[in-house]
Amino acid sequence: MRASQKDFENAMNQVKLLKKDPGNEVKLKLYALYKQATEGPCNVPKPGVLDFINKAKWDAWHALGSLPKETSRQNYVDLVSSLSASSESSGQVTPAADRKQPGSDALVVTSQDGITTITLNRPDKKNALTPQMYHDIMLALEAASKDDSAIAVLTGNGDYYCSGNDLTNFTDIPPGEVEDRARSGAVLLRDFVDCFIDFPKPLVAVVNGPAVGISVTLLGLFDIVYATDRATFHTPFSHLGQSPEGCSSYTFPKMMGPSKVIFGNLKTKCNVISIPKATEMLVFGKKLTAREACTQGLVTEVFPDSTFQKEVWVRLKAYSKLPPNAMRISKQVIRNREKEKLHAINAEESSILQERWLSDECMNAIVNFLSKKAKL
Ligand SMILES: CCCCCCCCCCC/C=C/C(=O)SCCNC(=O)CCNC(=O)[C@H](O)C(C)(C)COP(=O)(O)OP(=O)(O)OC[C@H]1O[C@@H](n2cnc3c(N)ncnc32)[C@H](O)[C@@H]1OP(=O)(O)O
C-alpha cells in the first residue's frame with residue numbers, strides 16, 4: 001500500500017519523538033527523502049566544498065536522482081517506522097493531516113486509531129510549560145474537540161509527565177511591568193483551564209512519570225487518569241508562595257474526602273483529628289505516590305512501568321472504538337452539572353494567583369529556584 005500524505009505527516013512528527021538520536025547518516029537519508037518527497041529531484045546549486053553540512057545534505061538529496069515523489073514518501077515513512085520500532089517509541093504518533101501544527105516542537109499533536117494525542121515534548125526541562133505551550137495546548141484541544149477522534153490524550157515525552165509551570169516564566173520581567181505580566185498570566189491561566197473544563201470529548205491523562213504543579217491540579221478535570229507506578233504527584237504551592245489552580249481547590253477535596261490523623265499512643269488514650277487529604281497536598285505540599293493518588297481518587301489506575309505504555313494504549317484503542325457520540329454526550333451530561341461552578345472557581349483561583357505572583361513569598365521562592373539552578 002502506498003504511503004498517503006497523512007502517513008507522511010505522521011512520520012514527520014514521529015521523528016520528533018524518537019528517543020535515540022539516529023545518527024548523521026540516517027538523518028541525511030531522512031533529509032534527502034523528505035526533500036525528494038516534497039520538492040522532487042535536487043536541482044539547486046551545489047554548495048561550496050567548505051560548506052560541509054549543506055554539501056553533505058545536497059549530496060544525499062542529489063544521490064536520489066529522479067526517484068518519484070511517491071516512492072520517496074513511502075521510503076521516508078518506512079525508514080521512520082523502522083527507527084521508531086527500534087527506539088521503543090509508543091507508536092502513537094500520527095498527526096491529523098489537516099491539523100495546524102503547534103508553533104514549536106515542544107508540543108506534538110498526533111492522531112491515530114480515533115485518538116488525538118497531545119504530547120509535551122520538552123524532556124530536557126522535564127516538560128515544564130512555557131507560555132507558547134499553554135497557547136499550543138489550547139489550540140490543540142480546540143482542534144481535537146472538532147476532529148474525528150473519539151477521545152483525546154495528554155501525555156509527556158521522556159522520564160517526566162510534566163514539571164508544571166516553567167519557573168523561568170517569571171524572569172526577565174522589566175520592573176514596571178510586573179503587575180501587567182501577572183494580569184496577563186492570570187488571563188492565560190484562566191483561558192487555559194477553561195479549555196479543559198469545556199473539552200467535550202473524553203479526555204485521558206497518560207501520566208508517564210512524575211507530575212508537578214498545574215499538571216497535577218488539572219487531573220481533576222480529566223475523565224481518566226492512567227499512571228505508571230513511577231509517577232508521583234506534587235503540588236508545592238506553599239513552598240512557591242503560590243496557591244492552587246486548575247479548579248483543584250474544589251475537585252481535590254471533593255474526590256479525596258477527609259483523612260484521619262491519630263496523635264498519641266494507640267494503646268492508651270489518643271486524639272483523632274481529621275484533615276482533608278486535599279489539604280495535605282494543596283496546602284502542605286505532600287507528594288503522593290501513584291498508588292496513594294489512586295487511593296485518593298486522583299488516578300484511575302496504576303500500571304507497572306515496564307508494561308505501562310503497552311497496557312494503556314491497548315485499553316485506549318478499545319475505548320476509542322466505542323460510539324463517539326454516545327461517549328461525548330455521556331461526558332457532557334456529567335460535566336454540565338458542574339460547568340458553571342468550575343468556571344467560577346477557575347476565575348477565582350486565577351485572580352488569587354495573580355495576587356500571589358506579586359508577593360514577596362513568591363518572588364523569593366522563584367529566586368531560590370533560579371539560584372539553585374545557577375548553582376549559586
Ligand atoms: C507573572 C508571570 C506569569 C506566567 C504565566 C503563568 C501561566 C500559568 C501559571 C499556572 C500556575 C502553575 C503553577 C505550577 O505549576 S507550580 C509548579 C512549578 N514547578 C516546580 O516547582 C518544579 C520545579 N522543578 C523542580 O523542582 C525540579 O526541576 C524537578 C523536581 C521537576 C526535577 O528535578 P531533577 O533534579 O530530576 O532535574 P533538574 O532539576 O536538573 O531539571 C532538569 C532541567 O529542567 C529544568 N526544569 C525542571 N522543571 C522546571 C520548571 N518547572 N521550570 C523551569 N525549569 C525547570 C531544570 O531547571 C533543569 O534545567 P537545566 O538543565 O537548564 O538546569
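Because the structure is predicted, anything quoted here is derived from the model rather than measured. Just follow the structure's listing: the first ligand is 1, and inside any ligand the first atom is 1.
- Listed for the His239 side chain is no donor-acceptor partner under 3.5 Å among the backbone atoms of Gly285.
- Residue contact check: Leu240 has heavy atoms under 4.0 Å from atoms 16 (S), 17 (C), 18 (C), 21 (O) of ligand 1.
- Using a 4.0 Å cut-off between heavy atoms, Phe192 makes no contact with ligand 1 at all.
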Validation: residues 137-146 side-chain donor-acceptor distances under 3.5 Å, sequence neighbours left out:
{"unit_1": "Glu142", "atom_1": "OE2", "unit_2": "Lys146", "atom_2": "NZ", "d": "3.2"}
{"unit_1": "Ser145", "atom_1": "OG", "unit_2": "Glu142", "atom_2": "O", "d": "2.6"}

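- Contact annotation for Ala128 and ligand 1: only side-chain heavy atoms (C-beta onward) come within less than 4.0 Å of the ligand.
- Applying the 4.0 Å criterion to heavy atoms of Tyr160 picks out, from ligand 1, the atoms 29 (C), 30 (C), 31 (C), 32 (C).
- Polar contact check, Asn165 against ligand 1: a nitrogen or oxygen pair lies under 3.5 Å apart.
- Counting heavy-atom neighbours within 6.0 Å of Glu301 CD, excluding the residue itself, gives a total above 12.
- Side-chain N or O atoms of Gln36 include one that pairs as donor or acceptor with a backbone N or O of Leu67 at under 3.5 Å.
- The atoms of ligand 1 that sit less than 4.0 Å from any heavy atom of Glu245 are 11 (C), 12 (C), 13 (C).
- The shortest N or O to N or O distance between Gln242 and ligand 1 is not below 3.5 Å.
- Between Leu167 and ligand 1, at least one pair of N/O atoms sits closer than 3.5 Å.
- With atom 20 (C) of ligand 1 as the reference point, the heavy atom nearest to it among Gly213, Gly164, Pro123, Ser163 is part of Ser163.
- Pairs of residues two or more places apart, or lying in two chains, that qualify as ring pair (Phe, Tyr, Trp, His ring centres under 6.0 Å) and include a residue from residues 281-309 are Tyr226-Phe303.
- Taking both residues in full, the closest heavy atoms of Leu120 and Asn127 are given as O-OD1, 3.2 Å, listed atom of the first, atom of the second, then distance.
- Residue contacts with ligand 1, taken as heavy atom pairs separated by less than 4.0 Å, involve Asp124 solely via the backbone atoms N, CA, C and O.
- Polar contact with ligand 1: present for Lys125 (N/O pair, distance under 3.5 Å).
- The shortest side-chain heavy-atom distance between Met281 and Met256 falls under the 4.5 Å cut-off.
- The closest non-hydrogen atom to atom 55 (C) of ligand 1, taken over Phe369, Tyr134, Trp357, comes from Phe369.
- Of the N or O atoms in Ile214, one or more lie within a sub-3.5 Å distance of an N or O in ligand 1.
- A side-chain donor from one of Asp147 and Ser149 sits under 3.5 Å from a side-chain acceptor of the other.
- Phe192 and Phe196 have perpendicular rings, their planes meeting at more than 60° on a 0 to 90° scale where under 30° would count as parallel.
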